[in-house]
There are 2 protein chains.
Amino acid sequence: MTLNRSKQRDAIIAFLATRKDHPTAEVVYDNVRETFPNISLGTVYRNLTLLADLGEIRRLRTRDSKDHFDADLSPHYHFICNECFSVSDIFIDKTTELVKAANEVTMNQITDHEVFYYGICKDCQKKEH
Amino acid sequence: MTLNRSKQRDAIIAFLATRKDHPTAEVVYDNVRETFPNISLGTVYRNLTLLADLGEIRRLRTRDSKDHFDADLSPHYHFICNECFSVSDIFIDKTTELVKAANEVTMNQITDHEVFYYGICKDCQKKEH
DNA sequence: CTAATAATAGTAATCATTGCTGATTTGAAG
DNA sequence: CTTCAAATCAGCAATGATTACTATTATTAG
């Protein structure tokens with residue numbers, strides 16, 4: 001029940017902290033494997049899930065079929081490209097307004113919220129000439 | 001390439017239109033089967049995907065591992081219960097503000113957006129003693 | 001009515017994620 | 001510094017939602 005440290009988990013957190021592109025479990029696995037050649041994919045998933053449950057990272061479930069993970073806990077939203085499925089940050093915070101407006105129309109108890117923007121990212125706009 | 005009508009698809013649309021609880025493919029299947037006893041789950045999935053791609057219904061990918069479907073295309077958001085994973089409507093529309101604010105910080109081309117609220121629904125609040 | 005093709009039922013396959021098991025690591029207490 | 005129970009791991013099997021495939025049936029334009 002107590003949380004022990006582990007080199008694998010530390011490496012996963014450290015790697016995530018270096019990235020702003022919200023990698024998938026697979027990407028985390030591929031990268032952490034460069035330092036821990038025989039870390040297993042299961043370990044990556046278990047730790048990402050554990051960290052998300054503890055609230056130390058955020059799990060993003062987008063229209064993409066893979067989960068993405070974000071080590072940045074500051075309030076912000078996300079943009080997902082419909083072409084390449086890349087995920088990028090939208091650093092705005094409308095918590096006050098959004099939660100206030102929602103509370104006026106529901107009795108459900110809101111603890112948090114997420115905003116996803118969809119469209120075509122800058123890079124994919126270029127490609128489509 | 002041309003779209004033909006099919007009784008199965010009509011039944012799926014008709015069923016979805018009667019529900020405000022954003023059923024999963026499985027739930028759609030169970031219900032439509034009462035009228036079409038040997039409709040297949042694949043047909044349900046194929047049509048839900050087709051309709052979502054055509055923009056005639058919305059596919060909601062939540063923290064729940066199952067997709068939910070919504071026949072109501074009017075601008076509105078969703079609340080998902082962390083306990084029972086029920087999905088309910090939040091009839092507010094902050095498109096103008098949200099898209100305006102996002103456009104001030106990104107060059108990505110935004111075509112649409114989604115807001116998910118999470119928390120404990122009214123029913124689950126009661127259950128908790 | 002008929003041919004072309006869209007859609008279906010039934011089932012197999014995919015693939016992200018989770019579960020299992022026996023071995024290894026961690027950390028608190030002596 | 002040892003000890004030992006509990007936590008974590010690697011490797012791999014299993015799960016489960018969704019998609020793909022194939023032979024058959026339904027739809028619709030002409």
Side-chain angles (χ1 to χ4, degrees), chain A residues 1-16 21-54 56-70 80 84-87, chain B residues 1-16 21-54 56-70 80 84-87:
Chain A
M1 219 76 171
T2 329
L3 198 66
N4 279 356
R5 284 190 66 198
S6 88
K7 294 171 181 182
Q8 291 87 340
R9 181 153 58 237
D10 287 349
I12 290 167
I13 297 171
F15 170 70
L16 256 194
D21 63 342
H22 318 82
T24 61
E26 191 80 32
V27 171
V28 173
Y29 175 60
D30 288 342
N31 279 273
V32 173
R33 206 146 51 132
E34 288 170 18
T35 350
F36 286 86
N38 44 358
I39 192 172
S40 76
L41 186 54
T43 294
V44 172
Y45 270 105
R46 184 164 28 73
N47 279 296
L48 289 172
T49 298
L50 175 67
L51 293 166
D53 289 348
L54 291 173
E56 296 186 20
I57 64 174
R58 286 169 69 180
R59 179 196 294 261
L60 305 176
R61 186 150 292 176
T62 72
R63 282 182 193 161
D64 183 1
S65 57
K66 300 172 191 172
D67 285 355
H68 294 253
F69 297 88
D70 188 352
I80 296 106
C84 67
F85 295 109
S86 66
V87 182
Chain B
M1 220 76 171
T2 329
L3 197 66
N4 280 356
R5 284 191 66 197
S6 88
K7 293 169 183 184
Q8 291 87 339
R9 182 154 57 236
D10 287 348
I12 289 167
I13 297 171
F15 170 70
L16 256 193
D21 63 342
H22 318 81
T24 61
E26 191 80 32
V27 172
V28 172
Y29 175 61
D30 288 342
N31 279 274
V32 173
R33 205 144 54 130
E34 288 170 17
T35 351
F36 287 87
N38 44 0
I39 192 172
S40 77
L41 186 55
T43 295
V44 173
Y45 270 106
R46 186 164 25 73
N47 278 297
L48 289 172
T49 298
L50 175 66
L51 293 166
D53 289 348
L54 291 173
E56 295 185 21
I57 64 174
R58 285 169 70 180
R59 179 196 293 261
L60 305 176
R61 187 150 292 176
T62 72
R63 282 181 195 163
D64 183 2
S65 58
K66 301 171 190 173
D67 284 356
H68 294 254
F69 297 88
D70 187 353
I80 296 105
C84 67
F85 296 109
S86 66
V87 183

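In what follows, every heavy atom counts, from backbone to side chain, and hydrogens, waters and symmetry copies are set aside. Just so it is clear, the structure is predicted and the values come from calculations on it, not from any experiment.
- A salt bridge is absent between Asp10(A) and Lys7(A); no separation between the charged side-chain nitrogens and carboxylate oxygens falls under 4.0 Å.
- At whole-Å resolution of the value, CG in Leu41(B) and P in dA12(C) are 14 Å apart.
- Checking the phosphate oxygens (OP1, OP2) of dT8(D), no side-chain nitrogen or oxygen of Ser6(A) falls inside 4.0 Å.
- The separation between Phe85(A) atom CZ and dA16(C) atom C1' is 15 Å, rounded to whole Å.
- When rounded to the nearest whole Å, the span between CZ of Arg9(B) and P of dA6(C) equals 12 Å.
- The distance from atom CG of Leu48(B) to atom C1' of dT19(D) is 13 Å, rounded to the nearest whole Å.
- Going from atom CZ of Arg33(B) over to atom P of dG10(C) covers 10 Å, rounded to whole Å.
- Rounding to the nearest 0.5 angstrom, the gap separating the CD1 atom in Ile80(B) from the NE2 atom in His68(B) is 8.0 Å.
- Of the listed nucleotides (dT27(D), dA9(C), dT17(C)), dA9(C) has the atom at the smallest distance from the side chain of Thr43(B).
- Not one side-chain nitrogen or oxygen of Ser40(A) sits closer than 4.0 Å to the OP1 or OP2 atom of dG11(D).
- Look at CG on Asp30(A): it is 12 Å from P on dA16(C), rounded to the nearest Å.
- With rounding to the nearest 0.5 Å, the separation of CG in Leu60(B) from OG1 in Thr24(B) is 11.5 Å.
- Looking at heavy-atom distances under 4.0 Å, Gln8(A) makes contact with sugar-phosphate atoms alone, never a base.
- For Ser65(A), no side-chain nitrogen or oxygen approaches OP1 or OP2 of dA16(C) to under 4.0 Å.
- Here the side chain of Asn4(A) is nearest to one of dG27(C), dA17(D), dT18(C), namely dG27(C).
- Nucleotides of DNA chain D nearest to Thr24(B) and Val44(A) differ in position, and the one nearer the 5' end is that of Val44(A).
- When the side-chain nitrogen and oxygen atoms of Tyr45(B) are compared with OP1 and OP2 of dT19(D), none of them lie within a distance under 4.0 Å.
- Closest-nucleotide positions on DNA chain D for Gly42(B) and Pro37(A) were compared, and the one nearer the 5' end corresponds to Pro37(A).
- In this structure, CG of Asp10(A) is placed 10 Å from P of dT26(C), rounded to the nearest angstrom.
- Among the atoms of the strands shown, only primed sugar atoms or phosphate atoms (P, OP1, OP2) are found under 4.0 Å from some heavy atom of Arg5(B).
- Within 4.0 Å of Thr49(B), counting heavy atoms only, lie sugar-phosphate atoms of the nucleic acid but no base atom.
- Annotation: the span from Leu16(B) atom CG to Glu56(B) atom CD amounts to 11.5 Å, rounded to 0.5 Å.
- The residue Thr2(A) sits close only to the backbone: its heavy atoms come under 4.0 Å of sugar-phosphate atoms, none of a base.
- As rounded to whole Å, 16 Å separates atom P of dT17(C) from atom CG of Leu50(A).
- For the side-chain hydrogen bond (donor to acceptor under 3.5 Å, both in side chains) with Arg9(A), the qualifying choice from Asn47(A), Thr43(A), Asn4(A) is Asn47(A), the only one to do so.
- Checking the phosphate oxygens (OP1, OP2) of dC9(D), a side-chain nitrogen or oxygen of Arg46(A) falls inside 4.0 Å.
- Relative to the side chain of Asn38(B), the nucleotides dT8(C), dG10(C), dT17(C) differ in distance, and dG10(C) lies closest.
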Walk me through it: do Arg46(B) and Thr49(B) pass the test side chain to side chain donor-acceptor pair (under 3.5 Å)? CA-CA 5 Å; Arg46(B) 186 164 25 73; Thr49(B) 298; over 6 Å; no

